[in-house]
Amino acid sequence: MMKVTYLGHSGFLLEMESIYCLFDYYRGEFPKWDCDKKMAVFVSHAHYDHFGKEIFRLRDYFSDICFILSSDIDTPADEDIIFIGPNEETDVFGMNVRTLRSNDQGVAYLLHCGGRTIYHAGDLNWWHWEGESEAFNKMIRRTYQSEINKLQQEKIDLAFVPVDPRLGEQYCWGLDCFMKRTDTKYVFPMHFWENYKVFDRLMLEKCTEEYVDRIVKIEREGQTFLLAI
């Protein structure tokens, strides 16, 4: 089993048998900790809504802690910090960590941990903006699809993928591309700016019909989910 807690926006806490994985935290209340576990903190890029410096206070609670930060983040180096760029790989607490290149800023993360495969997109998404040029939107589409294609041989147990309502009718293009090109068991939509109505929209979209039962519906900050993975 894995326990997943939604902390807000793109922030999630994963709890496994001996380790926590915290992704893109910048606000939200933490649950009660088991400080005997290890803590791996992932930050996909430096944008304020993905990187809160409060994460470094977790050093006060965990003796075994590691911060895996995208290389675009400007913060002093320390022995418990690993800076990682696009298309790189490292091992942390027995986990294999691999990155993809975001088409916005920073990286997306792919983890292999205890027989599980976990993906967190950060800001890697199909960012189709109506106000941008055709050339820009074409570049975004190509770069997004190229990165997602790298995941086609993976069996992903758990994924976190943006569905940004600011994109208008194109809000779910990135999620749809991801779900149709990967073998993913559960997906958490994220980056929806606390507009929870986006989940009702997703459930009614024709494009989501073949994987709607794999979309995890979030209803509030601090909500927890127990998943059989």
Side-chain angles (χ1 to χ4, degrees), residues 4-15 19-30 33 37-113 117-127 139-140 143-144 146-148 150-151 158-164 166 174 178 188-194 221:
V4 180
T5 303
Y6 172 62
L7 299 171
H9 199 52
S10 297
F12 292 86
L13 177 69
L14 280 56
E15 182 178 358
I19 190 169
Y20 291 103
C21 292
L22 177 64
F23 290 93
D24 280 11
Y25 174 81
Y26 88 105
R27 62 179 176 81
E29 292 189 17
F30 292 123
W33 300 116
K37 294 189 178 187
K38 297 177 175 63
M39 168 62 81
V41 182
F42 296 87
V43 183
S44 65
H45 61 294
H47 289 169
Y48 82 92
D49 56 326
H50 293 258
F51 173 45
K53 293 185 178 180
E54 295 82 1
I55 59 175
F56 297 116
R57 295 180 184 173
L58 294 174
R59 289 169 171 147
D60 297 336
Y61 299 93
F62 294 92
S63 57
D64 288 327
I65 188 168
C66 185
F67 300 88
I68 305 92
L69 309 182
S70 172
S71 55
D72 67 295
I73 293 172
D74 183 14
T75 196
D78 209 325
E79 60 182 10
D80 59 3
I81 294 178
I82 296 173
F83 291 99
I84 192 165
N87 302 312
E88 293 185 354
E89 190 171 346
T90 190
D91 292 310
V92 179
F93 296 144
M95 293 185 294
N96 177 257
V97 179
R98 178 180 143 207
T99 61
L100 281 68
R101 181 182 299 277
S102 175
N103 55 3
D104 184 359
Q105 187 170 326
V107 300
Y109 288 106
L110 184 73
L111 278 58
H112 293 100
C113 176
T117 301
I118 301 160
Y119 170 77
H120 190 285
D123 266 358
L124 175 59
N125 191 27
W126 190 331
W127 299 106
M139 178 271 293
I140 289 293
T143 55
Y144 182 70
S146 175
E147 292 302 301
I148 297 306
K150 296 176 183 178
L151 302 174
L158 182 60
F160 304 91
V161 179
V163 287
D164 196 318
R166 299 174 302 169
F178 176 84
F188 281 80
M190 65 176 188
H191 208 283
F192 51 88
W193 300 100
E194 317 319 317
E221 288 187 13

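For the numbers below, each heavy atom of this structure counts, side chains included, while hydrogens, waters and symmetry mates do not.
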Heavy-atom closest pair, residues [X] and [Y]:
| X | Y | value |
| --- | --- | --- |
| Ser71 | Gly85 | OG-CA, 3.5 Å |
| Ile68 | Ala40 | CD1-CB, 4.1 Å |
| Phe42 | Leu111 | CZ-CD2, 3.6 Å |
| Phe178 | Leu151 | CE1-CD1, 3.8 Å |
| Phe83 | Ile73 | CE2-O, 3.7 Å |
| Gly106 | Ser70 | CA-OG, 3.4 Å |

Quick check, are the ring centers of Tyr6 and Phe188 under 6.0 angstrom apart?
no
Phe160 ring center within less than 6.0 Å of His120 ring center
yes
Is there a donor-acceptor contact under 3.5 Å linking the side chains of [X] and [Y]?
| X | Y | result |
| --- | --- | --- |
| Asp24 | Ser44 | yes |
| Gln105 | Asp72 | yes |
| His50 | Asp123 | yes |

Residues two or more places apart in sequence or in another chain: which of them pass salt bridge (Lys or Arg N to Asp or Glu O under 4.0 Å) with Glu194?
Arg27
Atom [atom1] in [X], atom [atom2] in [Y]: separation rounded to 0.5 Å?
| X | Y | atom1 | atom2 | answer |
| --- | --- | --- | --- | --- |
| His47 | Tyr26 | NE2 | OH | 13.0 Å |
| Ile118 | Phe12 | CD1 | CZ | 12.5 Å |
| Met95 | Cys66 | CE | SG | 8.0 Å |
| Ile140 | Asn125 | CD1 | CG | 9.0 Å |
| Trp126 | Glu147 | CH2 | CD | 14.5 Å |

side-chain contact (heavy atoms from CB on, under 4.5 Å) between Arg59 and Met39, intermediate numbers included:
CA-CA 9 Å; Arg59 289 169 171 147; Met39 168 62 81; over 6 Å; no
Please check: side-chain N/O of [X] versus main-chain N/O of [Y], any donor-acceptor pairing under 3.5 Å?
| X | Y | value |
| --- | --- | --- |
| Tyr20 | Val41 | no |
| Tyr144 | Gly174 | yes |
| Asp80 | Ile65 | no |
| Thr99 | Glu88 | yes |

Worked verdict on Phe56 versus Asp78 for side-chain contact (heavy atoms from CB on, under 4.5 Å)
CA-CA 11 Å; Phe56 297 116; Asp78 209 325; over 6 Å; no
Per the ring pair (Phe, Tyr, Trp, His ring centres under 6.0 Å) rule, which among Phe51, Phe192, Trp193 passes with His9?
Trp193
Between [Y] and [X], is there a side-chain heavy-atom distance shorter than 4.5 Å?
| X | Y | answer |
| --- | --- | --- |
| Lys150 | Arg98 | yes |
| Thr117 | His112 | yes |
| Leu13 | Trp33 | yes |

Just do the side-chain contact (heavy atoms from CB on, under 4.5 Å) check on Asn103 and Leu124 with the steps written out, would you?
CA-CA 6 Å; Asn103 55 3; Leu124 175 59; 3.7 Å; yes
Go through the steps to decide whether Leu22 and Leu7 satisfy the test side-chain contact (heavy atoms from CB on, under 4.5 Å), and finish with yes or no.
CA-CA 10 Å; Leu22 177 64; Leu7 299 171; 3.5 Å; yes
Quick check on Asp91: does its CG atom have over 12 non-hydrogen neighbours (other residues, nucleotides or ligands) under 6.0 Å away?
yes
For Glu29, is the CD atom crowded, meaning more than 12 foreign heavy atoms sit under 6.0 Å from it?
no
